[in-house]
Amino acid sequence: MVEQSNIPVEKRNSQADRMLNPYSPQELLNESNARTSQVKVASSSLNEIAHAVTIAAADRLARKTSPSAKTLPILATDIEIRGGRRGKYRVEKCLKDGETVRLYQGIQVENNKSILIKEYLLTDRDFNQKEAKERKEKFEKLASLNLKNGVGQDFRLISPWDAIAPSNEKRCYLIFEQPIHNSLTLREYLLKNGAMTPHQVRGVLDQVLQTLWFLHSHRLRTFDDDIEQGLLHGYLSLDSLLIASSSQPSALDKPQFFIYVADLALWEDLFKPPTANFSERSPKQDLIDLGYVSFYLLWGTTVDPDTAQPLNPKFEQHWPEFKDARLNKFIHRLLGIDPPFKTAFEARKELLAPLSRELETPLDVTAEADSLEEDTQKYSSLFRLVLTIIFLGFLTGLLLQIMVRLRQPFSQVEQLVFNSSEPCCLAQIDRVPTETVTYITEADGIWSYILKTVSLVSYNKTFVEELSIRDPRLKTYTLEISHENIIEEIRSKRADFALTTFIKDLPDDMEQVEVAYDGLVVFVAFSDHKRYQSVPNALNGKITLDQLREIYTTETLTNWSPPEGISPNIKVYMPVDNRQTVNFFEELVFKGDPPQQFKKLPEKLIREAEQKIINQQPINESYILGQILKDFEQNQTVGFGFGLLSRVFNQCAVYPLALGKKGEEVQPLVQQLGNQVKPIEPTIDLCNDKGSYWPNVEAFKSGSYPLIYRLVVVYPKKDKTQAVAGKKFTELLKTDEGQRLLSEAGLVSLRTLPKRN
């Protein structure tokens, strides 16, 4: 049927619900910058052509307007939509009029904030009354779904901001915050700019694969209150991917654009008729769809400009000419033409792997075969000679080193052997009590977060669970959260020991031993999208304690120049719902005596956040990490925030600043540069360089970083029987294995740990 049909390319676009896509099918066929090389369309099976049409241009094929849709007129200008969690919204104008989906530009009435309104029509043709009701019930829960990863980073997902399902209307509304300024769909980008270079396509693949990796591994609480492991996109195409470009040069020699992902099947599928036939929803299909996207990006179009037939990557003669054999093979694997990737993570790892010499060779290598063989023969003799010289030199050096060692005293040789100050493993600690033991920590303290949060150190397990799996002797140990005085809890023997922060005035009958460090970090937005307008660069990556006090009392910063095009006004953030963190800040920055201006800030920040928070979401580090980045990218706001290192480390929404007295600022994170360990700098890529930087252990151990605090185990001195459990638990945490677990949970270890074998 598809082969015999006459595609109505000049009819109205059938899916105007694709965001920011005003171009018609005729404009698509007239792309001036697309490649114009001749393509011979081979005969193909119906399934292959149908699949290419579905992926490439199904949303461009016109359909007749539904009679039911005519009974639901376009929303009038200035009409208000009420009932959302965030207030009410006013329609300004209709951007697109589709058959069952419409898009409007609007504002949030309370603060005149620009938003987009996506309207879904529940037509009588597609849904009966019961089906429409079920869709509405699920739909209203969409706005409460959290697609953050817990540390402020959402990997460029455009998620609904609010959802409204009027009970007396056959419509539903999704509210989106205004997309990134000057963003285009990839289809619009191709219409405007033509085909992408292989280097640019690699940049697109890198970012979308990162998003897919996040989606496919995301843990989400579903409508039925179950935990679902892994989300699928389901509609990956040139229309569901937005590109935000910059004309500024990239300091890291990377494509200077950022890809944002919209239209997840999670909500789009709700408004598909019950009789609709869904395409496969799987991580594998997402990768295949991305393969089609990259194929079209290389062409600059989805159809042959001469024949108006869909381009199909399954036909080798349809492939454009480009000299990147490795990218060609990579896209073939995405499409499943060659052995496919198992996961998005595996695909991205392969994409970012160093280029090998043979894979950098152009696709057509037959012309170079003879010269390659000639070069091989020419240099083989020379290579064997050089190899022989190197081997003899190495052997001579080894013999000399052995002779020098034999002349050294035996005691000096022993000093060359690594000698750890602590046992390596939990199993090496003997006489750990196996009877019932109870230990405690404060509610809402850092220890309760470290010990009780799932998946910090092991997937789907808490720190306590992982520790008891590694050492079965701890299965009889029970952690309880205390709301009382922990010292009295131990004295009354309701607990054997406690995990807490360092106590200055510890009673004489108690002992406390350090097992880890944590600290506060002060941060600013770290935006890849605005790297050329970097706040960390403008601050030289550091701030003094005096400047910090100025910012949090006056909300200004003197004697500094913000990046070009960025407002000099300062906005402050603090995790007001983590009272312990705020208390640490008051004690360490203001010496325990904060001014009135600082004391009034929490109330002000809570009022400002009321319009932004869903379902009483706490104003903690996770919230402000995302908000500070969003305010910078969308509103060009320079924001300063603070929070616990354990909750900020290993994310890339913000950049932690070096801190201290003027000229003595210390960076809390360090990185490996060659054979040296140095503080991180604003040029680092916090997202892609994860694993190459870590907490500055020596700065925390010596106290040179000013905002540290110590984490301890507290147990009784006099009662030797009761003290045993606390002492042994302390010894377990101080082993290399215990320290590594604490560092993986986000804390700073007591010492630099030896590398794993």
Side-chain angles (χ1 to χ4, degrees), residues 31-37 155-156 180 182-213 236-238 241-261 287 289-302 311 313 318-335 337-338 341 344-365 527-532 652 683-689:
E31 295 169 276
S32 60
N33 291 323
R35 301 179 185 269
T36 59
S37 58
F155 292 104
R156 300 172 299 278
I180 304 301
N182 289 334
S183 61
L184 302 170
T185 65
L186 284 180
R187 189 184 300 278
E188 292 170 347
Y189 176 90
L190 295 182
L191 287 168
K192 182 179 179 181
N193 300 285
M196 283 188 170
T197 66
H199 185 58
Q200 291 173 319
V201 172
R202 283 180 174 276
V204 173
L205 287 170
D206 176 20
Q207 295 183 47
V208 179
L209 284 170
Q210 186 185 45
T211 306
L212 289 179
W213 166 76
L236 212 60
S237 70
L238 295 175
L241 298 174
L242 279 69
I243 181 170
S245 302
S246 167
S247 59
Q248 300 289 333
S250 170
L252 299 178
D253 190 30
K254 293 183 178 180
Q256 195 63 9
F257 56 75
F258 291 86
I259 305 298
Y260 295 84
V261 180
L287 294 180
D289 292 345
L290 181 57
Y292 274 91
V293 167
S294 55
F295 173 74
Y296 298 140
L297 292 179
L298 288 168
W299 258 110
T301 178
T302 61
L311 292 166
H318 280 210
W319 279 80
E321 296 180 2
F322 63 99
K323 295 183 179 180
D324 190 335
R326 191 183 186 204
L327 180 60
N328 181 286
K329 182 175 179 61
F330 183 86
I331 297 175
H332 274 70
R333 292 190 66 185
L334 283 179
L335 291 164
I337 298 173
D338 287 347
F341 297 107
F345 179 82
E346 178 190 354
R348 187 166 183 262
K349 183 178 179 181
E350 174 66 23
L351 181 73
L352 300 178
L355 290 173
S356 62
R357 195 173 187 85
E358 65 275 14
L359 290 178
E360 292 181 35
T361 307
L363 287 176
D364 186 8
V365 297
S527 172
D528 281 336
H529 178 53
K530 299 284 187 180
R531 183 75 62 83
Y532 60 92
C652 50
T683 54
I684 191 175
D685 188 337
L686 289 174
C687 293
N688 290 331
D689 289 345

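Note: hydrogens, waters and symmetry copies are ignored here, and every other heavy atom, side chains too, is used.
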For [X] against [Y], the heavy-atom pair lying closest together:
X: Glu346; Y: Arg333; value: OE2-NH2, 3.8 Å
X: Leu335; Y: Gly291; value: CD2-C, 3.5 Å
X: Val201; Y: Ser294; value: CG1-CB, 3.9 Å
X: Phe341; Y: Leu287; value: O-CD1, 4.0 Å
X: Leu209; Y: Ala344; value: O-CB, 3.9 Å

* With distance as the sole test, does Arg348 use its side chain to make a donor-acceptor pair with the main-chain N or O of Asp206 at under 3.5 Å? ->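 Between the backbone of Asp206 and the side chain of Arg348 there is a qualifying donor-acceptor contact (under 3.5 Å).
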
* Asked: Side chain of Trp319, backbone of Pro313: donor and acceptor closer than 3.5 Å?
  ->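 Yes, Trp319 side chain to Pro313 backbone: donor-acceptor pair under 3.5 Å.
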
Can you confirm whether [X] sits close enough to [Y] that some side-chain heavy atom of one is under 4.5 Å from a side-chain heavy atom of the other?
X: Leu311; Y: Thr302; result: no
X: Thr211; Y: Ile259; result: no
X: Arg187; Y: Tyr296; result: no
X: Thr185; Y: Leu238; result: no
X: Leu205; Y: Leu290; result: yes

* Asked: Can you check side-chain contact (heavy atoms from CB on, under 4.5 Å) on Met196 and Arg202, steps first, answer last?
  -> CA-CA 10 Å; Met196 283 188 170; Arg202 283 180 174 276; over 6 Å; no

If I take atom [atom1] from residue [X] and atom [atom2] from residue [Y], how far apart are they, to the nearest 0.5 angstrom?
X: Ile243; Y: Gln200; atom1: CD1; atom2: CD; result: 7.5 Å
X: Asn328; Y: Phe295; atom1: CG; atom2: CZ; result: 10.0 Å
X: Asp338; Y: Lys329; atom1: CG; atom2: NZ; result: 4.5 Å

